[in-house]
Amino acid sequence: MLDKTYRPADVEAKRYDAWENSGAFAANADSNATPYTIMMPPPNVTGSLHMGHALTFTLQDILVRYHRMRGDDALWQPGTDHAGIATQMVVERQLAAEGKTRHDLGRAAFIDKVWQWKAESGGTITRQLRRLGASPDWERERFTMDQGLSEAVAKVFVTLHKQKLIYRDKRLVNWDPKLHTAISDLEVESREVQGHLWHFKYPLENQPDRFITVATTRPETMLGDTAIAVHPEDERYRDLIGGHAILPLVGRRIVIVGDEYADPETGSGAVKITPAHDFNDFEVGRRHQLEMINVLDRDARIIDDAIIPEAYRGLDRYEARKRIVADMEALGLLERIEPHTHMLPHGDRSGMVIEPWLTDQWYCDAVTLAQPAIKAVEEGRTVFVPKQWENTYFEWMRNIQPWCISRQIWWGHQIPAWYGPDGAVFVEETEDAAKAAAEAHYGAPTDLTRDPDVLDTWFSSALWPFSTLGWPNQTKELERYYPGDVLVTGFDIIFFWVARMMMMGLHFMGDVPFRHVYIHALVRDERGQKMSKSKGNVIDPLNLIDEYGCDALRFTLAAMAAQGRDIKLAVGRVEGNRNFATKLWNAARYCEMNGCVPVPGFDAQAVKLTANRWIAGEVAKTAARTAEAIEAYRFNDAAGALYQFTWNTFCDWYLEFTKPILNGDDEAAKAETRATTAWVLDEILHLLHPFMPFITEELREQLGGGTGTGGTGLIRAAWPVFGPEMEDAAAQAEMDWVVRLISTVRTVRSEMNVPAGAQIPMLLKDAGTETARRLDTHRDLILRMARLSSADTTTEPAPKGAIQAVLDEAAVLLPLAGVIDIDQEKARLRKEIDKLSGEVAKIDQKLNNANFVSRAPEEVIEEQRERRATAEAGRAKLTEALARLASA
RNA sequence: GGGCGAUUAGCUCAGCGGUAGAGCGUCUCGUUUACACCGAGAGGGUCGGCGGUUCGAUCCCGUCAUCGCCCA
């Protein structure tokens, strides 16, 4: 016997272990089934499960479980990425607690330490994924630093280098002065900062009394100024172009150039140009062949060098700023200071203000690699869902910049490049190969030094769709599971990852890495705010699982995952779906109590009773609707269809319809109904399983389901598919009539304040033969559900004082003379009549419109006529009833 | 400044050329032996404003307003 309520905590861990241990999650590369592949976006190894993970992995799990049930050979490839900077920071923090830095350990020992950390703490997120019920093929779990994946990285690097798609270049990078590494554009976030605009006067050469005013937000970089730019059309400065100014404090002669970058509307219209410390200035510098003078070191301090006036050497950038402003003021060269709000780049990991800095780095020619990736989406070989995200993808891909892939950290894939004593570079997959190349080059064995830098973590993530399958080896997995069917992720990762997988996949595999990219929403709090620790509005999915059960959380997320809209998660919704789980549990309990156990070989199409034929059709419709919705990534529609069918159709109506049968003495009818009920419940468990895997699996086992599936559980059971012959239109119309009759009586009773407990008689007047037959067939359940003492047809005029309502051609009479309040009934009838009159008038307005009648489709006009006739007939009946009441 | 999206019941959201829907909340009634984490019923919306297309617009187009996000 089932417990009175479902207790998720007792079930979840046990169920999950059983699935995992039985190999239910495993793909089978040797099977004949159609492969279905999802590459799990590898969470950061330092991460822990947050709401965004909960959403994305729930949706992926729904897809995977669904396809598994459809008989596909489903591969959901799990793993984590090594998160270079984040992981290194975690371990460095541990060291700091011991008063050490990574330099105290040295590179090799530090890397050992990171691996040690990974072994101890790196499994957090994958453990938490199990609590979410995620069912990836854990046996195939990969880590981006695994040997195989690292070999893939080396191979890709060397190949791209030989193809000149990876090269070394001296460019401005986003330099993090705290972490001492370059970071990519994507790892930089702009934040609005209240700053100042300092207006400096630079004296013109040979005209000691004339000045040109420049405005800057960064006075300290003036030490590296090599030009002043004015707009070529700007009348104020036209004569100065080609002339020179003298850089105050430094005394350097700098040229005045005409360049459209200078905006005449901003500040004075003239800008100082520091090509080594500003991305825009860098471009101006390139256009005018300006000297690039680096004035900052890796800590963003002013360098200690002869080109810098002694007073500023070694100063922190902000200290230098103060001093320079003060000194300029002392010289009378500070024209004015105005408050200025602007966007400043910050490192997303360190939070430091990023310093554009001129360094040697490795670059990937993203511009070239992007072209096939753009084309693939244009041609629909990869389709984004919802489609509008393709714009975001195109926008970024068409304006892509060279990708700086080197990082000055230790944890990651060390760049496979070795340098000879003269700086010649040998890029090879192994040290031996590099030595051989060097020997060939120098004509003798030569000592080489390996490039100390490592690659951007996203470089290895970009290879995930094929490196995890064994590439560069031509494995059967690679053959079978590439390209994947769908990538599921949030929009914030389109640039970081989706775009780069597209580039690498196309380049190395010759095909897109996935056919669909489903972009889901961001999870926000119930007020629409982004969840963040600093705001304190973070909802921990694990807490929700503890409190409401995993299935409730999963179902909620699916039900709210409407396309193109963020999810504002309110805990109340999870609670509501916990109630749904309880409802299902109790329905199952009811089935159990009534002996509704699955009957082997049961054929839903062969049932005879109308209610059973009807529910079978409803099951078929729901199964089809759910499948269709899942396949279209309309998870909310799928969840909605299941919720409605389970709670409303099955629990509220079908189980109530059949109670009189189960309590009656027609044994054949009882047997059929028990079997049907058990079957419907079992189908519900199947359909809900991808969404609510735990409770469905638990119920199925406890109810002794699983007949015909060899007892391997719902997770391996077949998804229900039915033909159109399951739907019986006549049964549907009949049960629909029963529902409407009961609802009508209930409404009228409630409106007329008939006590809920009172059993009253009902008469159907003017009922046609079909209606009369239906009433006969279903009398027992109608009596029960409408709380009636009798239900008969009549041809007599309505008794005096009867309440009246209309149902199709018949009048529903509740003879309650003396019990009801006549005035109240009159008022009710008038209200109904007014409503119907309004409808008739509205339809007449349409039908009297010649344009409508001539231009609208025939079926629309016909529908309006029918609606009018129905409303008119109803109105006539109620008007008559009102007249009788008035005369009484 | 450029782009994208949103605006529908008190709240959170579906829907989408031809009768405005759900869940939660509210109100009323209810120990009808599966379920009070429940059942029955009700109330509640000129579908952001203004134009246009159309026989017909919550839906399509334009515009404005407000809010949000991304990019500069």
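Just so it is clear, the model here is predicted, and its values are computed rather than measured. Letters A, B, ... mirror the listed sequences (proteins, then strands); counts begin at 1. Hydrogens, waters and symmetry mates are skipped; everything else that's a heavy atom, side chains included, is used.
- Between B:U19 and A:Arg867, a contact under 4.0 Å exists linking OP1 or OP2 to a side-chain N or O.
- Contact annotation for A:Arg573: base contact, defined as any heavy-atom pair under 4.0 Å involving a base atom.
- Taking atom CD of A:Gln824 as the reference point, atom P of B:G41 lies 18 Å away to the nearest angstrom.
- Between B:G1 and B:C60, the two P atoms lie 27 Å apart (nearest whole Å).
- For an aromatic pair to be called close, the ring centres must be under 6.0 Å apart, and A:Tyr6 with A:Trp585 satisfies this.
- Between A:Arg7 and A:Glu698 there is no salt bridge, since no side-chain N of the basic residue sits under 4.0 Å from a carboxylate O of the acidic one.
- As a whole-Å value, the separation of A:Asn174 CG from B:A72 P is 11 Å.
- Both A:Lys846 and A:Gly576 lie close to RNA chain B; mapped to their nearest nucleotides by heavy-atom distance, the more 5′-ward contact belongs to A:Lys846.
- Nucleotide B:G5 forms a Watson-Crick or G-U wobble pair with B:C67, both donor-acceptor distances falling under 3.5 Å.
- Here B:C38 is the nucleotide among B:C55, B:A14, B:C38 with the atom lying nearest to any side-chain atom of A:Asn579.
- Rounded to a whole angstrom, the distance from the C1' atom of B:C67 to that of B:U31 is 49 Å.
- By the 4.0 Å N-to-carboxylate-O rule, A:Glu825 lies close enough to A:Arg828 to be salt-bridged with it.
- Pair check for B:A36 finds none; no Watson-Crick or G-U wobble contact set falls under 3.5 Å.
- For the pair A:Phe279 CZ and B:C71 P, the computed distance is 15 Å after rounding to whole Å.
- By the 4.0 Å N-to-carboxylate-O rule, A:Arg784 lies too far from A:Asp780 to be salt-bridged with it.
- Base pairing of B:U19 is not made with any nucleotide, judged by Watson-Crick or G-U wobble geometry with both donor-acceptor distances under 3.5 Å.
- Residue A:Thr392 has no polar side-chain atom (N or O) positioned under 4.0 Å from OP1 or OP2 of B:G3.
- A side-chain donor from one of A:Asn612 and A:Tyr654 sits under 3.5 Å from a side-chain acceptor of the other.
- Between the CH2 atom of A:Trp396 and the P atom of B:A72 there is a distance of 11 Å, rounded to whole Å.
- As rounded to the nearest Å, B:G30 and B:C35 have C1' atoms that lie 15 Å from one another.
- For A:Lys621 and A:Glu618, the salt-bridge test passes: some basic side-chain N is under 4.0 Å from an acidic carboxylate O.
- Taking the six-membered ring where the residue is Trp, the centroids of A:Phe635 and A:Tyr518 are separated by under 6.0 Å.
- Pairing for B:C50 is with B:G62, a Watson-Crick or G-U wobble pair whose two hydrogen-bonding atom distances lie under 3.5 Å.
- Taking a pair to require two hydrogen-bonding distances under 3.5 Å in either a Watson-Crick or a G-U wobble arrangement, B:G41 pairs with B:C27.
- Under 4.0 Å is where a charged nitrogen must lie from a carboxylate oxygen, and between A:Arg740 and A:Asp808 at least one such pair does.
- Using a 4.0 Å cut-off between charged side-chain N and carboxylate O, A:Lys842 and A:Glu839 make no salt bridge.
- Set against B:A14, B:G5, B:A40, the side chain of A:Gln388 has B:G5 as its closest nucleotide.
- A:Trp647 has a side-chain polar atom (N or O) that falls below the 4.0 Å cut-off from OP1 or OP2 of B:G39.
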Open item on the list: Base contacts versus sugar-phosphate-only contacts with protein, heavy atoms under 4.0 Å: please encode nucleotides 28-36 of chain B as B, S and - from 5' to 3'.
Closed with: -SS-B-BB-

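- Rounded to a whole Å, the CZ atom of A:Arg865 is 16 Å from the P atom of B:U19.
- In the set B:G15, B:G18, B:G41, B:G18 carries the atom at the smallest distance from any side-chain atom of A:Gln864.
- Look at the C1' atom in both B:U32 and B:G41: the space between them is 15 Å, to the nearest Å.
- The separation between A:Tyr548 atom OH and B:C24 atom P is 14 Å, rounded to whole Å.
- Place A:Asp637 and A:Gly572 on RNA chain B by their nearest nucleotides, and A:Asp637 ends up nearer the 5' end.
- At the heavy-atom level, A:Arg578 lies under 4.0 Å from base atoms of the strands shown.
- The separation of B:G15 from B:G21, taken at their C1' atoms, amounts to 7 Å, rounded to a whole angstrom.
- Comparing the C1' positions of B:C24 and B:U46 gives an interatomic distance of 26 Å, to the nearest angstrom.
- Atom NZ of A:Lys842 is separated from atom P of B:U19 by 8 Å (rounded to the nearest Å).
- Rounded to the nearest Å, the gap between the C1' atom of B:C47 and that of B:U7 is 10 Å.
- Comparing the P positions of B:A40 and B:U33 gives an interatomic distance of 15 Å, to the nearest angstrom.
- With respect to A:Arg398 and A:Glu378, a salt bridge is recorded, a charged nitrogen being found less than 4.0 Å from a carboxylate O.
- Residue-level contact check: A:Arg868 touches neither bases nor backbone, having no heavy atom under 4.0 Å from any strand.
- Remark: P of B:C71 and OH of A:Tyr393 are 18 Å apart, rounded to the nearest angstrom.
- In the set B:C55, B:G18, B:A40, the nucleotide with an atom closest to the side chain of A:Pro857 is B:G18.
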